[in-house]
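Each chain gets a letter, A, B and so on, in the order the sequences are listed, and its residues count up from 1. Fair warning: this is a prediction, and the values are worked out from it, not measured in the lab.
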Number of protein chains: 2
Amino acid sequence: MTLQTQNVFRALADPTRRDIVQMLANRDMTIAQLTERFDMTRAAVKKHLTVLSDGGLISVEIRGRERVNRLEPSGMAPVLDWFSYFDQFWDDRLAHLKAAIEGDEK
Amino acid sequence: MTLQTQNVFRALADPTRRDIVQMLANRDMTIAQLTERFDMTRAAVKKHLTVLSDGGLISVEIRGRERVNRLEPSGMAPVLDWFSYFDQFWDDRLAHLKAAIEGDEK
DNA sequence: TTAATATGATACCAAATGGTACTACGTCAA
DNA sequence: TTGACGTAGTACCATTTGGTATCATATTAA
């Protein structure tokens with residue numbers, strides 16, 4: 001397992017961070033704008049953004065004194081890759097079910 | 001966000017638990033069998049199994065004095081549902097996984 | 001220049017987390 | 001019946017985590 005995979009799973013484990021990800025899916029936002037939406041201090045939001053950045057889920061564009069946070073959906077790839085491990089498992093289960101049904105028809 | 005969604009994300013946030021999930025994808029296993037594969041005590045593995053159970057990712061079949069842990073792939077549905085929010089950002093990889101897992105539900 | 005704005009960074013705290021050790025209890029086999 | 005086996009449960013510990021408060025720095029506007 002790569003460190004990056006762990007960082008992404010960890011980043012998505014917190015409900016506040018998942019909310020941030022969904023908000024950034026709609027539009028880029030600064031820390032101050034994000035903080036308006038939550039009942040916590042800007043420092044707390046900043047910490048969450050750091051974890052999301054470590055997970056490669058967001059990037060930051062410096063615009064004057066503002067830092068615009070942008071979603072990087074490609075950062076979610078490690079999670080989807082991990083889930084793809086179960087493709088064969090699910091296919092096998094479905095194949096067994098199919099075989100059982102067909103065997104029952106005879 | 002549902003409590004169940006949080007429980008699944010939390011369950012998958014730990015690398016040991018993700019390893020357990022992958023092992024159980026290959027075959028059902030008891031706690032003792034799982035513990036052989038890790039460098040930690042049975043009590044620690046048991047705690048991880050409790051978290052996985054809370055997330056609906058495994059079920060337990062009592063067989064005599066043994067407890068056989070079985071993967072419940074349908075428990076991953078909340079995660080795939082959450083990811084489907086980002087359809088606009090990526091291709092149909094997710095749709096494929098989601099169709100497979102939902103087909104596995106009873 | 002000066003003051004307000006937007007953010008970064010650090011120290012600190014309570015609670016959650018991942019782990020161990022130890023004990024207890026039901027089940028199987030001799 | 002007795003003892004080994006497989007597991008559950010609890011107390012306890014160190015570290016991580018999510019949060020606040022506070023101060024520092026850079027940029028914009030008057």
Ignoring hydrogens and angles, tell me if any N or O in the side chain of [X] forms a donor-acceptor pair with the backbone of [Y] under 3.5 Å.
X     : Y     : value
B:S53 : B:T50 : no
B:R67 : B:V60 : no
B:Q6  : B:G55 : no
A:Q33 : A:T30 : yes
A:R17 : A:R10 : yes

Degree of bending, the helix from C:dT1-D:dA30 to C:dA30-D:dT1 (end axes from five pairs; round to 10°): 20°
About how many Å separate [atom2] of [Y] and [atom1] of [X], when rounded to the nearest 0.5 Å?
X     : Y     : atom1 : atom2 : answer
B:I20 : B:L49 : CD1   : CG    : 5.0 Å
B:K46 : B:R42 : NZ    : CZ    : 11.0 Å
A:R18 : B:Y85 : CZ    : OH    : 13.5 Å

[X] has an atom [atom1]; how far is it from atom [atom2] of [N], in whole Å?
X     : N      : atom1 : atom2 : answer
A:L49 : C:dA6  : CG    : C1'   : 13 Å
A:M40 : D:dT20 : CE    : C1'   : 12 Å
A:R63 : D:dA26 : CZ    : C1'   : 17 Å
B:N7  : C:dT17 : CG    : P     : 10 Å
B:H48 : D:dT7  : NE2   : P     : 17 Å

Give the minimum heavy-atom separation between B:Q4 and B:D54, together with the two atoms involved. OE1-O, 3.8 Å
If you take all heavy atoms of A:V8 and A:G75, which pair is closest and at what distance? CG2-O, 3.5 Å
Please tabulate, one pair per line, each protein N/O and nucleotide N/O from nucleotides 7-16 of chain C that are separated by under 3.5 Å, including the distance.
unit_1 : atom_1 : unit_2 : atom_2 : d
C:dT7  : OP2    : A:A32  : N      : 3.0
C:dT7  : O4     : A:R42  : NH2    : 3.3
C:dG8  : N7     : A:R42  : NH1    : 3.2
C:dG8  : O6     : A:R42  : NH2    : 3.3

Considering only heavy atoms, which members of residues 14-21 of chain B lie under 4.0 Å from some atom of DNA chain D? none
Looking at A:L24, A:N69, A:L71, which one forms a side-chain contact (heavy atoms from CB on, under 4.5 Å) with A:M29? A:L24
